[in-house]
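Just so it is clear: chains get the letters A, B, ... in the order the sequence lines come, proteins before strands, and each one is counted from 1.
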2 protein chains.
Amino acid sequence: MSRPRAKLVKDFPGCAVEAALSFIDGKWKGVLLFHLLAGTQRFNELRRKLPSVTQRMLTRQLRELEEAGLVRRTVHPVVPPHVDYDLTPLGRSMEPVIRSLAIWGRTYVFCAQDEAHVVPPKETTELQGDALRYFADRA
Amino acid sequence: MSRPRAKLVKDFPGCAVEAALSFIDGKWKGVLLFHLLAGTQRFNELRRKLPSVTQRMLTRQLRELEEAGLVRRTVHPVVPPHVDYDLTPLGRSMEPVIRSLAIWGRTYVFCAQDEAHVVPPKETTELQGDALRYFADRA
DNA sequence: GCCAGTAGTACCAAAAAGGATACTGTCAAT
DNA sequence: ATTGACAGTATCCTTTTTGGTACTACTGGC
């Protein structure tokens, strides 16, 4: 949620970075936006893509994204329920941010453990702290 | 800190976005990295640039960035103390991420209140939720 | 009749993050 | 003699965020 950060935005103008971060601050918002870049998704569709998120968390994060103006929630009044989530123009404007995050993650953290061998040795030598431990864990 | 997210990285591989976010997760890390992009900084130098951060928080955030391998802390054993902070190569690799965040923030949230009039009317009409309220507040 | 799928809520508990305040020790300048 | 700059710590407390479990209502298929 952007409440505490929203405050700081006023207390501390000039910080565009923090302002932007306040919109994707929340444990699952980044991934959600990433998946929504691929197009409209339904609630359970997203749930399947984020297996470790609880229903409650998914709902909350989506609502916060909606509140922030990044995501649009469309309820089709049918039974069984049918709810679509997609990006607003503002949400889509986040694409460069999300993409650069995805690239960084792939390059330096490399989530897909089945491809862990692809880690470039040169970069690896630059790693420290968490990143180093991360790679150490899966070596 | 990246501990809780680090866990999810393992539980939920494939999510490069979350992995990357876990490195800048923390209320001040984004700004700190942004300021460090400009070059080496000393502790109180950063403090002056982030007037609303407490000493304790600044220390913590810097230590976490160091632990994560993004920032290097250099202690010059003199008195009075002299400590330099600068980006590691891994930290510098975050530059595209930080820059895109800064651009987004400037474009869509526009922290600098003294330039609030520059908000482009076209974009404004696309705003919803927090973003809308943000602009409403300063209109 | 029972189960699965749809999209959620409600309630309680735990953990994590952040903030406030006060304190350290040395030196240089006023 | 006092103050300020330097770079922090220590302690306590509050807020925020996240997780766990159970529950709703309705329908279509077996």
Name the pairs: protein N/O against N/O of nucleotides 8-10 of chain C, kept only if under 3.5 Å.
| unit_1 | atom_1 | unit_2 | atom_2 | d |
| --- | --- | --- | --- | --- |
| dG8(C) | OP1 | Arg63(A) | NH2 | 2.7 |
| dG8(C) | OP1 | Arg73(A) | NE | 3.3 |
| dG8(C) | OP1 | Arg73(A) | NH2 | 2.3 |
| dG8(C) | OP2 | Tyr85(A) | OH | 2.7 |
| dG8(C) | N7 | Gln55(A) | OE1 | 3.1 |
| dG8(C) | N7 | Gln55(A) | NE2 | 2.5 |
| dG8(C) | O6 | Gln55(A) | OE1 | 2.8 |
| dT9(C) | OP1 | Arg63(A) | NH1 | 2.7 |

| Would you say dT17(D) has OP1 or OP2 under 4.0 Å from some side-chain N or O of Trp28(A)? | no
| note | By salt bridge (charged side-chain N to carboxylate O under 4.0 Å, His left out), Glu95(A) pairs with (sequence neighbours left out) Arg92(A), Arg99(A)
| message | Expressed as a whole number of angstroms, how long is the span from Glu45(B):CD to dG8(D):C1'? | response | 16 Å
| message | Going by the rule side-chain contact (heavy atoms from CB on, under 4.5 Å), which residues pair with Asp84(A) if we only count those two or more places apart in sequence or in a different chain? | response | Thr40(A), Arg42(A), Thr74(A), His76(A), His82(A)
| task | May I ask you to evaluate whether Asn44(B) reaches the phosphate of dA5(D), defined as a side-chain N or O under 4.0 Å from OP1 or OP2? | result | no
| For Gln61(B), the option from Leu50(B), Leu32(B), Leu46(B), Val71(B) that meets side chain to side chain contact (heavy atoms under 4.5 Å, CB included) | Leu32(B)
| query | So, is Lys27(A) near the phosphate of dA16(C), with a side-chain N or O under 4.0 Å from OP1 or OP2? | reply | no
| query | Rounded to the nearest Å, what distance is computed from the CZ atom of residue Arg42(B) to the C1' atom of nucleotide dC6(D)? | reply | 7 Å
| task | Would you kindly give the CG-to-P distance between Leu46(A) and dG5(C), to the nearest whole Å? | result | 17 Å
| What residues, two or more places apart in sequence or in another chain, satisfy side-chain hydrogen bond (donor to acceptor under 3.5 Å, both in side chains) together with Arg73(B)? | Tyr85(B)
| If only atom types and distance count, is the side chain of Glu18(B) paired as donor or acceptor with the main-chain N or O of Ala16(B) below 3.5 Å? | no
| said: What is the distance, to the nearest angstrom, from the CZ atom on Arg47(A) to the P atom on dG5(C)? | reply: 10 Å
Each nucleotide N or O in nucleotides 25-30 of chain D that has a protein N or O under 3.5 Å away: list the pair and distance.
none

| message | Rounding to an integer number of Å, can you tell me how far Asp25(A) CG sits from dT18(D) C1'? | response | 13 Å
| said: Please enumerate all residues that pass side-chain hydrogen bond (donor to acceptor under 3.5 Å, both in side chains) together with Arg56(B), with sequence neighbours excluded. | reply: none
| request: Would you kindly give the CD-to-P distance between Glu67(A) and dT17(D), to the nearest whole Å? | output: 12 Å
| task | Output the distance between atom CG (Leu21(A)) and atom CH2 (Trp28(B)), rounded to the nearest 0.5 Å. | result | 12.0 Å
| request: Can you tell me which residue pairs pass the ring-ring contact (aromatic ring centres under 6.0 Å, His included) test with a partner in residues 40-67 of chain A, sequence neighbours excluded? | output: none
| request: Take the protein atom CZ of Arg48(A) and the nucleotide atom C1' of dG5(C), then report the distance between them rounded to whole Å. | output: 9 Å
| Nearest-Å distance, CG (Leu58(B)) to P (dT9(D))? | 11 Å
| field | Pairwise salt bridge (Lys or Arg N to Asp or Glu O under 4.0 Å) hits with a residue in residues 30-39 of chain B, at least two apart | value | none
